[in-house]
Amino acid sequence: MSAKQTKKDGDIKKQISELILGDGDILKCIAEAVSSAIIDTMCVNESFIAKIADKISQNEKHTTKIKQELYESLSFDNTDLRAKITDLENNCAQLKKSYDNLQMAHDDLEQYGRRNCLIFHGVPEPPKDVTENTDAAIIKIVNDKLGMKIQVSDLDRSHRLRRKSPQIANSRPKPIIVKFSRHNTKSEVFSRKRNLKASGIGITESLTKKRLELYTTVSNHPGVKAAWKADGKVIALLSGSQTKVFLENHKDLTKLSSLVN
């Protein structure tokens, strides 16, 4: 073939290519014809069809395997997560138990620090321009009204307490808290508090906030006839009997409930 003929054939191919590529309808017709020819070939070629079917089957098996592995992985993760949640719940329960025990230990320690203390209610206050000696006021009450003889050395310290609410500023005198030098002296004074009946003066033990809450709970218990406080403990007298229950914390309420029921 001459160079001239080769160039002519190249020009014709170029023109045909530009014509086909430039016309979308011609491209569409060619694509449909090629697709139809490929499908016809595939339909009569059993070996080709068998290969395609085998590939599809392998893909389905692979997909099933992937699904199974994914399911097992999720199941394992879920089981592992439940185990971790259970461990966390157990840890939280243990921490709460430790915290409650620490709270009770702290309350016991605070109450022990109050074991020599008493609170005197209703002791008249002097005029504002007069400096008060609370030690002298307590000694006078104990010596004159309780029939005991104590002196300054029997007291560690004493002072007025602040009022819990400003609304009751003028209702009653501020209480006086007294810490005695010895526990025996404090106990003896407390044992004679009935001698102050009708005097307008009362004596109570100095209890922690938790003990006061416990006393309120016990006092309102339907199975309790009477409740009082002594040596930092709450004592309950059960209704319908002479049984006494000694309580120091809210856990002891379980013991109280079991005796009542």
Side-chain angles (χ1 to χ4, degrees), residues 104-128 130-165 168-221 224-238 242-249 252 256:
M104 286 190 293
H106 178 269
D107 185 68
D108 289 341
L109 186 61
E110 183 183 351
Q111 187 59 55
Y112 184 81
R114 298 170 180 243
R115 66 192 299 266
N116 289 353
C117 296
L118 290 175
I119 300 177
F120 286 71
H121 304 268
V123 179
E125 295 186 55
K128 292 183 179 180
V130 176
T131 301
E132 182 179 28
N133 185 338
T134 53
D135 284 0
I138 295 303
I139 290 173
K140 181 174 177 57
I141 291 172
V142 173
N143 290 346
D144 295 350
K145 298 183 181 297
L146 298 184
M148 290 178 61
K149 294 299 178 183
I150 65 171
Q151 51 192 357
V152 175
S153 60
D154 291 314
L155 306 182
D156 187 339
R157 65 180 69 90
S158 67
H159 62 86
R160 294 271 180 183
L161 295 174
R162 293 181 180 179
R163 291 188 176 89
K164 295 182 179 179
S165 174
I168 59 174
N170 298 318
S171 60
R172 296 197 67 187
K174 294 191 292 292
I176 297 176
I177 184 168
V178 184
K179 184 175 183 181
F180 291 86
S181 301
R182 295 182 303 164
H183 183 68
N184 289 343
T185 305
K186 172 257 183 181
S187 298
E188 180 65 21
V189 171
F190 190 62
S191 68
R192 300 189 181 205
K193 63 181 180 177
R194 293 183 180 275
N195 294 346
L196 294 173
K197 190 175 182 180
S199 69
I201 299 174
I203 302 176
T204 61
E205 285 196 317
S206 176
L207 299 181
T208 64
K209 181 180 178 181
K210 286 187 177 296
R211 302 284 169 116
L212 287 172
E213 291 173 351
L214 177 63
Y215 172 73
T216 301
T217 301
V218 173
S219 299
N220 295 327
H221 196 287
V224 173
K225 180 180 180 181
W228 61 94
K229 300 159 283 186
D231 287 329
K233 299 180 180 64
V234 177
I235 305 172
L237 178 64
L238 303 186
Q242 295 300 314
T243 303
K244 295 179 182 178
V245 182
F246 293 80
L247 305 97
E248 295 185 66
N249 53 63
D252 292 335
L256 175 63

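One-based numbering along the sequence shown. Only this structure's heavy atoms are used, side chains among them; waters, hydrogens and symmetry mates stay out.
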Worksheet item: Out of R114, R115, R211, K229, which one pairs with S206 under the side-chain hydrogen bond (donor to acceptor under 3.5 Å, both in side chains) rule?
Response: R114
Taking only distance into account, with no hydrogens and no angle test, what donor-acceptor pairs under 3.5 Å do side-chain atoms of residues 195-203 form with protein atoms, sequence neighbours excluded?
{"from": "S199", "atom 1": "OG", "to": "L196", "atom 2": "O", "distance (Å)": "2.4"}
{"from": "S199", "atom 1": "OG", "to": "I201", "atom 2": "N", "distance (Å)": "3.2"}

Taking [Y]'s backbone N and O only, do any of them form a donor-acceptor pair with [X]'s side chain (distance below 3.5 Å, no angle check)?
{"X": "D135", "Y": "R157", "value": "no"}
{"X": "T134", "Y": "S158", "value": "yes"}
{"X": "S191", "Y": "E188", "value": "yes"}
{"X": "E132", "Y": "E125", "value": "no"}

Could you pull out the closest heavy-atom pair between [X] and [Y], with the gap in Å?
{"X": "I139", "Y": "Q151", "value": "CD1-C, 3.7 Å"}
{"X": "I119", "Y": "E205", "value": "CD1-O, 4.3 Å"}
{"X": "S219", "Y": "A227", "value": "OG-CB, 3.7 Å"}
{"X": "F246", "Y": "D252", "value": "O-OD2, 4.3 Å"}
{"X": "N143", "Y": "I150", "value": "OD1-N, 2.8 Å"}
{"X": "H221", "Y": "L256", "value": "CD2-CD2, 3.9 Å"}

Fill in: SB check D154 K186 (cutoff 4.0 Å)
no
Fill in: Short N-O contact, K210 and E110, less than 4.0 angstrom
no
Worksheet item: Would one find more than 12 heavy atoms of other residues, nucleotides or ligands at under 6.0 Å from atom CZ of R192?
Response: yes
Practice prompt. Kindly indicate whether the side chain of L161, heavy atoms from C-beta on, has any atom under 4.5 Å from the side chain of K174.
Written response: no
Practice prompt. Check whether any side-chain heavy atom of N249 sits under 4.5 Å from a side-chain heavy atom of D107, and report yes or no.
Written response: no
Item to complete: Determine, stepwise, if the pair T208 / H106 fulfils side chain to side chain contact (heavy atoms under 4.5 Å, CB included).
Response: CA-CA 10 Å; T208 64; H106 178 269; over 6 Å; no
Discussion item. Test side chain to side chain contact (heavy atoms under 4.5 Å, CB included) on F180 and D156; report intermediate values, then the result.
Written reply: CA-CA 5 Å; F180 291 86; D156 187 339; over 6 Å; no
To the nearest 0.5 Å, what is the distance between [atom1] ([X]) and [atom2] ([Y])?
{"X": "I141", "Y": "F120", "atom1": "CD1", "atom2": "CZ", "answer": "6.5 Å"}
{"X": "D231", "Y": "E248", "atom1": "CG", "atom2": "CD", "answer": "10.0 Å"}
{"X": "L155", "Y": "I138", "atom1": "CG", "atom2": "CD1", "answer": "8.0 Å"}

